[in-house]
Number of protein chains: 2
Amino acid sequence: MRCVGPTLSDKELRDLQDQYSFNPEIEERAEFYNLISNPIRLKIIHLLREKEAVCVCDLKDIFGVTAAAVSQHLAKLKAHRIAKSVKQGQTVFYSLTEHPFLSLIPLQ
Amino acid sequence: MRCVGPTLSDKELRDLQDQYSFNPEIEERAEFYNLISNPIRLKIIHLLREKEAVCVCDLKDIFGVTAAAVSQHLAKLKAHRIAKSVKQGQTVFYSLTEHPFLSLIPLQ
DNA sequence: TAAGTATTTAAGCAAGTTCTAAAGTAATTG
DNA sequence: CAATTACTTTAGAACTTGCTTAAATACTTA
């Protein structure tokens with residue numbers, strides 16, 4: 001049942017339902033915002049804009065968390081194709097991709 | 001203990017620790033991204049850019065959830081000073097504030 | 001003023017997030 | 001080749017999120 005108060009017309013309501021109830025573009029963007037809503041992941045992105053490529057080992061020292069925690073954050077960034085990795089010996093270097101959504105994050 | 005592999009110098013590491021281990025600006029931005037990482041809240045923001053002021057009752061019909069759910073999302077937007085409300089009779093109209101972080105969200 | 005409408009608040013639950021410790025894999029080195 | 005280092009994966013605890021239902025509040029109207 002519709003509300004009675006001074007509200008939208010039936011047509012306006014239908015239009016907004018069509019536009020918003022299912023909207024993959026906005027939903028995809030929300031998912032990206034969720035990815036960068038973690039302070040460590042957002043910091044990793046800023047840091048990789050500055051440093052090009054950094055290993056897990058250094059990231060764990062910078063943020064003061066375990067290597068496991070850093071590795072899990074990097075795996076999420078990688079799963080969203082925001083970061084990529086290159087193995088050099090036993091060291092894994094992470095760097096940013098050219099993902100278009102990265103432009104949603106302003107430079108420092 | 002520092003890593004042994006081909007990594008950052010001690011000085012680079014200290015500089016990055018200083019810059020990132022505690023960084024309220026980035027942390028505040030991450031918190032905002034968390035706010036807009038929910039698809040309904042992000043859609044409400046886009047919708048209010050289009051419609052100026054909309055009541056809880058219409059939002060519940062647009063998104064197909066209960067009024068309680070919408071009200072809780074709006075309360076979060078309000079707590080972060082992204083939205084404000086005006087009561088007209090028994091109807092509560094919500095609209096956007098001029099919060100600077102809103103510029104982080106591109107127009108449709 | 002009783003009933004109905006709009007909204008908020010509270011309680012509770014299921015699902016998701018993020019950390020740690022521990023175990024597993026792979027490369028390096030004494 | 002055993003030990004060490006770098007990293008990943010797994011499992012589990014603590015916490016957060018987002019919904020629903022139900023109750024509470026506020027306003028309107030018959």
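- Applying the 4.0 Å criterion to OP1 and OP2 of dT8(C), one finds that Tyr94(B) has a side-chain N or O inside that range.
- Looking at heavy-atom distances under 4.0 Å, Ala68(B) makes contact with a base.
- Neither OP1 nor OP2 of dA6(D) sits under 4.0 Å from any side-chain N or O of Lys60(A).
- By the neighbour-count criterion of 12 heavy atoms within 6.0 Å, atom CZ of Arg81(B) is sparsely surrounded, having that number or fewer from other residues, nucleotides or ligands.
- Comparing dT17(D), dT20(C), dT9(C) against the side chain of Lys76(B) picks out dT17(D) as the nearest.
- Remark: Asn34(A), Asn38(A), Ile40(A), Arg41(A) in residues 29-48 of chain A come within less than 4.0 Å of DNA chain C through at least one heavy atom.
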Task: Test side-chain contact (heavy atoms from CB on, under 4.5 Å) applied to Ile105(B) and Phe32(B), step by step - done: CA-CA 11 Å; Ile105(B) 307 173; Phe32(B) 176 72; 4.0 Å; yes
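- OP1 or OP2 of dT20(C) lies within a sub-4.0 Å distance of a side-chain N or O belonging to Thr66(A).
- Remark: Glu31(B) CD is loosely packed, at most 12 non-hydrogen atoms of other residues, nucleotides or ligands lying under 6.0 Å away.
- Ranking dT5(D), dT20(C), dA22(D) by closeness to the Ala69(A) side chain, first place goes to dT20(C).
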Open item on the list: Show, in sequence, the C-alpha distance, side-chain angles and deciding distance for Glu12(A) and Asp15(A), and conclude whether the side-chain contact (heavy atoms from CB on, under 4.5 Å) test is met.
Closed with: CA-CA 5 Å; Glu12(A) 278 177 313; Asp15(A) 288 350; 5.7 Å; no
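- Here the side chain of His80(A) pairs no donor or acceptor atom with the backbone of Ile82(A) at under 3.5 angstrom.
- In this structure, Tyr20(A) and Ile44(B) have side chains that are not in contact, with every pair of non-hydrogen atoms separated by 4.5 Å or more.
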TODO: Show your working on side-chain contact (heavy atoms from CB on, under 4.5 Å) between Arg41(B) and Ile36(B) and close with a plain yes or no.
DONE: CA-CA 6 Å; Arg41(B) 288 196 294 271; Ile36(B) 62 171; 5.9 Å; no
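- Near-neighbour residues of DNA chain C inside residues 14-26 of chain A, defined by a heavy atom below 4.0 Å, are absent.
- Phe93(A) has its CZ atom 14 Å from the C1' atom of dT5(D), to the nearest Å.
- Using a 4.0 Å cut-off between charged nitrogen and carboxylate oxygen, Asp18(B) and Arg14(B) do not count as a salt-bridge pair.
- For a distance-only test at 3.5 Å, the side chain of Gln72(B) qualifies as a donor-acceptor partner of the base of dT20(D).
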Task: Derivation and outcome, side chain to side chain donor-acceptor pair (under 3.5 Å), residues Lys78(A) and Ser85(A) - done: CA-CA 8 Å; Lys78(A) 216 173 156 178; Ser85(A) 65; 2.7 Å; yes
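- One interatomic measurement links the two molecules: CZ of Phe63(A) to C1' of dT18(C), which rounds to 15 Å at whole-angstrom precision.
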Open item on the list: As a quick check of understanding, evaluate side-chain contact (heavy atoms from CB on, under 4.5 Å) for Phe93(A) and Thr91(A), giving each step before the final call.
Closed with: CA-CA 6 Å; Phe93(A) 289 95; Thr91(A) 306; 3.6 Å; yes
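- Within the structure, a side-chain polar atom (N or O) of His73(A) is placed less than 4.0 Å from OP1 or OP2 of dC19(C).
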Shorter than 3.5 Å, N or O on both sides, protein versus nucleotides 26-30 of chain D: list them out with atom names.
unit_1: dC27(D); atom_1: O2; unit_2: Gln90(B); atom_2: OE1; d: 3.3

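- Among the nucleotides dT7(C), dC7(D), dT5(D), the one closest to any side-chain atom of Val92(B) is dT7(C).
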